[in-house]
2 protein chains.
Amino acid sequence: MLRKLGKWASFNHEDRAALLALPHSLATMAPNQIIVREGAQPSSTCLLRSGFAYRHKIVSGGMRQIFSIHMSGDIIDLQNSLLGTADHNVQALTHCDLAFIPSDAVRRIAFDRPTIGRAMWYDTLVDAAIFREWIANVGRRDAKTRMAHLLCEFALRLEAAGLGRHNAYELPMTQEQLADCTGLTSVHVNRMLRALDREGLISRTKRSVIIDDWKKLARAGDFESNYLRIPLASPPATNEAEYD
Amino acid sequence: MLRKLGKWASFNHEDRAALLALPHSLATMAPNQIIVREGAQPSSTCLLRSGFAYRHKIVSGGMRQIFSIHMSGDIIDLQNSLLGTADHNVQALTHCDLAFIPSDAVRRIAFDRPTIGRAMWYDTLVDAAIFREWIANVGRRDAKTRMAHLLCEFALRLEAAGLGRHNAYELPMTQEQLADCTGLTSVHVNRMLRALDREGLISRTKRSVIIDDWKKLARAGDFESNYLRIPLASPPATNEAEYD
DNA sequence: CGAAGGGTTGAGCCCCTTCAATCTTAGTGG
DNA sequence: CCACTAAGATTGAAGGGGCTCAACCCTTCG
């Protein structure tokens, strides 16, 4: 259940036992339900067991900026719960299965078991690396490049989470939500997706994305995967050459 | 020397002793000198003792996006050094005094001394909160609002670092660098600063900024300070009402 | 079958960029 | 002390990328 952290270290039996013994309560959320509201003081940390969620903030004028998309296995809300007061919202994108773990227990296990603490810390560092990449995306790339970049990032993250292949996956997001990730309008997101489609880089059916030409899409998106810190070609030893 | 971490916890004598005993080497850097280059594998973490530094990345097309500005007391490079390979550049903004601490020693002290480890972890979480705010800034706010927001953020952070007052400080940045923070062009940054000046929100002389009307500037910048997690009105008990 | 959410498309506009010129300031060498 | 230089600030004019507004279509679901 908490195995995703294993990416950063190999846990021994005691570590695993401690993780599995963590007190928690389960919950499910419907799409669009708010998990943590800005200004709230959550006393527990939220782990996403299945489904998708996203973090966002509403700026003056009512526009929304999405900061990150989370998929099953992600610890969504370390920041808000450890720092006391939430400075942004966490919301369900799809139907979600959640586990809430008291922040105290999280803090305790992190410092009692350095291996686990280190994994959690590293996880927050990678989160920050993704934030940085999004700053660059939104700040310095044009609309088509932003979209291509986002699609590439999702591809690798979903594959790493075992939720698809890097060249074909399901993405349960509306174009308006994609717009709020990229700082564009839904209208323009539509045009850019269409353009990528027309140029043969991707194909789309409903909410599924097929990347027809990974190399070209990555180039179009100015995408280099290093910031994600995903060990390439993990279990199903895909053809590494394809990634670059 | 490492006291900034004390914001997050009160250290006992042993903690302080351990921090002061940390092995390190000192260095100075000239303005614009690169401290860590993207792709490098730094084996030590960089602490800024005086001066200013910034983190950035060059995107395809040669444009630059700045991710953060650091001031004395900041630990600049935990991420790059802990995760192995740098995914962005760290560069001196002004003349800098630096201390390099071996990453191993950092890791060790973080886990041997939970109070310190927690402080470091929290520090990275606040960094991430600032990244998120910058995503929102660049993604969903217009040019003038972005500039006002950035000026407010600098004001509070500089004051918290003891480098100025929230309504008057020195900012050693060119307009081109401000542009790379906000995803604008230097030309437009100039126009927006001028506009804020003309409207009586700020005054500028050389590199110093005077905030004539904090309330109005904060409103114009859609700025709420909570994400910075700065305990308001710390030592020189300024008039709290002024902040909001 | 009707309604609602979301995708698609077109036309016109505007914020910001681009390009380029001028001005100011600080630093340098004579 | 001053000419000379370079970096950065300032300003204007013109163009474009993305936005706004508004319509229409498609799919899903009660």
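Being a predicted model, the structure only gives us computed values, none of them experimental. In the text below, chain A, chain B and the rest are named by the order of the sequence lines, each starting its count at 1.
When all heavy atoms of B/Val126 and B/Leu228 are compared, the pair lying nearest together is CG1-O, 3.8 Å.
Contact check on B/Arg55 versus B/Asp77 returns no salt bridge, with no Lys/Arg side-chain nitrogen under 4.0 Å from an Asp/Glu carboxylate oxygen. By the 4.0 Å N-to-carboxylate-O rule, B/Lys57 lies close enough to A/Glu133 to be salt-bridged with it. Taking a cutoff of 4.0 Å between a charged side-chain nitrogen and a carboxylate oxygen, A/Arg132 and A/Asp127 do not qualify as a salt bridge.
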Could you run down nucleotides 6-18 of chain C 5' to 3' and tag each one B, S or - for protein heavy-atom contact under 4.0 Å? SSBBBB----BBB
Using a 4.0 Å heavy-atom cut-off to protein, can you give one letter per nucleotide of nucleotides 23-30 of chain D, 5' to 3': B if the base is in contact, S if only the sugar-phosphate is, - if neither? -----S--
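Centroid-to-centroid, the aromatic rings of A/Phe223 and A/His149 come within less than 6.0 Å.
Residue pairs meeting the side chain to side chain donor-acceptor pair (under 3.5 Å) criterion with at least one member in residues 25-37 of chain B, sequence neighbours excluded, do not occur.
In this structure, A/Glu199 places its CD atom where more than 12 heavy-atom neighbours from other residues, nucleotides or ligands lie under 6.0 Å away.
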Please walk me through it: do A/Val189 and A/Met147 pass side chain to side chain contact (heavy atoms under 4.5 Å, CB included)? CA-CA 7 Å; A/Val189 164; A/Met147 286 311 305; 4.1 Å; yes
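In this structure, the CG atom of B/Leu178 is 15 Å from the C1' atom of D/dT10, given to the nearest Å.
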